[in-house]
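Data first, discussion second: the structure below is written as structure tokens.
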Amino acid sequence: MIISQQEQIINKIAQDKINFNLGVQMLLEDPDYNFKALFSTLKNYIFNSIPEKADYNTETYQKGINTIPLKPTYTPIVLLKTFPT
């Protein structure tokens with residue numbers, strides 16, 4: 001399986017191999033940047049990383065949401081906390 005450069009950057013961010021802000025900057029400055037594709041990739045990664053897919057209100061899921069290094073009022077975080085995935 002070949003993963004894209006975008007997916008490689010996301011994986012490095014997730015593994016703390018590169019700084020979050022630097023990784024986001026790299027993703028946004030990519031000449032092939034496509035919001036819909038990036039959002040879809042991130043959505044799939046989030047959904048597939050949830051260990052108990054039957055219940056998104058588990059402690060593990062909530063802890064994961066709370067450790068995302070974005071302001072809790074940032075729209076994606078509000079959506080993840082407010083609406084069941």
Side-chain angles (χ1 to χ4, degrees):
M1 177 181 180
I2 298 173
I3 64 172
S4 69
Q5 180 179 0
Q6 180 184 58
E7 292 170 314
Q8 290 175 14
I9 293 170
I10 293 168
N11 282 321
K12 288 179 182 179
I13 295 169
Q15 296 170 17
D16 289 327
K17 291 185 177 180
I18 60 174
N19 175 277
F20 177 81
N21 292 326
L22 174 61
V24 169
Q25 181 181 350
M26 291 169 67
L27 290 168
L28 295 176
E29 291 177 351
D30 182 345
D32 296 325
Y33 171 77
N34 177 318
F35 175 79
K36 288 177 95 172
L38 178 60
F39 189 80
S40 178
T41 299
L42 291 171
K43 179 185 76 170
N44 289 334
Y45 278 16
I46 290 169
F47 289 168
N48 287 317
S49 68
I50 300 168
E52 298 141 22
K53 291 179 178 40
D55 182 6
Y56 297 111
N57 293 312
T58 64
E59 182 180 341
T60 304
Y61 180 79
Q62 295 304 316
K63 182 178 177 185
I65 296 298
N66 291 327
T67 59
I68 296 173
L70 297 172
K71 292 181 183 179
T73 56
Y74 194 59
T75 301
I77 305 302
V78 172
L79 290 172
L80 288 170
K81 286 183 174 182
T82 306
F83 299 101
T85 52

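Predicted model, so just to flag it, every value in this text is computed and none were measured. Numbers for residues simply follow the sequence, beginning at 1.
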Y33 atom OH: more than 12 heavy-atom contacts under 6.0 Å: yes
Donor-acceptor contacts, no H, no angles, side chain residues 70-80, under 3.5 Å, sequence neighbours left out:
none

Could you grab the distance from atom CD of Q6 to atom CG of N11, nearest 0.5 Å is fine? 11.0 Å
Is the count of non-hydrogen atoms from other residues, nucleotides or ligands lying under 6.0 Å from Q8 atom CD greater than 12? yes
Ignoring hydrogens and geometry, is there a side-chain-to-backbone donor-acceptor pair from S40 to K36 under 3.5 Å? no
So, do L38 and N34 sit near enough that their side-chain heavy atoms are less than 4.5 Å apart? no
Test side chain to side chain donor-acceptor pair (under 3.5 Å) applied to E7 - qualifying residues, sequence neighbours left out: S4
Donor-acceptor pairs are to be reported for all side-chain atoms of residues 16-32 against protein atoms at under 3.5 Å, with residues two or more places apart or in another chain.
| unit_1 | atom_1 | unit_2 | atom_2 | d |
| --- | --- | --- | --- | --- |
| K17 | NZ | Q15 | OE1 | 3.2 |
| N19 | OD1 | N21 | N | 2.7 |
| N19 | OD1 | L22 | N | 3.2 |
| Q25 | NE2 | E29 | OE2 | 3.1 |
| D30 | OD1 | D32 | N | 2.8 |

